[in-house]
Every structure is written in C-alpha cells, then in structure tokens.
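Okay, so here's the structure we're looking at.
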Amino acid sequence: MENQSSQQNPNKNLNKKPRKKPDNRLIIRYTGLAFQMMATLGIAVFAGYKIDQRTGWSFPFFLIILSLLALVLILRQIIKDTSRNE
C-alpha cells in the first residue's frame with residue numbers, strides 16, 4: 001500500500017521545504033547588545049552616584065541626568081543596530 005502511494009506522487013518529497021537552522025549570529029548579536037545595555041546603564045548610575053556623593057547635594061541630580069542620558073544612548077544604539085539590513 002505504501003509503495004503505491006509513493007509511486008502515485010513521486011514529487012511528494014520535493015514539496016517539503018528543508019528546515020532552516022536557527023541563525024546563531026542574531027542570537028549572539030542581541031545578547032551582546034543586552035550586555036552592552038546593562039554595562040552602559042550600570043556605569044552611568046555608578047558615575048552619577050559617585051558625583052552626587054562628591055557634591056554633597058541632597059537631591060540625586062547627576063544620578064538622574066546620567067541615567068537618562070545613558071537610556072537615550074542605549075535606545076539610539078538599539079534602533080541603529082536593529083534597523084540595519086543584512
């Protein structure tokens with residue numbers, strides 16, 4: 001019975017699309033981007049905290065300003081990296 005079905009439709013195996021392997025380059029690229037984001041934000045928060053300690057102000061001005069600046073830079077980098085056509 002199985003022999004007859006394969007003889008009736010010889011193109012049966014040709015219609016199947018081969019499975020694509022996952023693209024590891026994208027995984028590595030976005031993982032690197034995530035670590036870069038964490039490092040940038042961490043350095044900005046640490047620097048802002050230390051500058052605020054040195055100034056002695058009760059309001060954490062530099063912590064907020066440097067954190068927001070880091071977020072803007074991170075978003076710019078994400079948009080630039082993800083809009084790239086390869």
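Since this is a predicted model, take the numbers as computed values, not measurements. Along the sequence shown, residues are numbered consecutively beginning with 1. All heavy atoms count here, side chains included; hydrogens, waters and symmetry mates do not.
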Can you give the donor-acceptor pairs under 3.5 Å from side chains of residues 54-69 to other protein atoms, not counting sequence neighbours?
unit_1 : atom_1 : unit_2 : atom_2 : d
Thr55  : OG1    : Ile51  : O      : 3.4
Thr55  : OG1    : Asp52  : O      : 3.0
Ser67  : OG     : Leu63  : O      : 2.6

Going by atom type alone, with no hydrogens or angles, which donor-acceptor pairs under 3.5 Å involve a side-chain atom of residues 32-40 and a protein atom two or more places apart or on another chain?
unit_1 : atom_1 : unit_2 : atom_2 : d
Thr40  : OG1    : Gln36  : O      : 2.8

In short, salt bridge (Lys or Arg N to Asp or Glu O under 4.0 Å) pairs touching residues 56-81 with sequence neighbours left out are Asp81-Arg84
Side-chain donor-acceptor pairs of residues 42-49 under 3.5 Å, sequence neighbours excluded:
unit_1 : atom_1 : unit_2 : atom_2 : d
Tyr49  : OH     : Gln53  : NE2    : 3.0

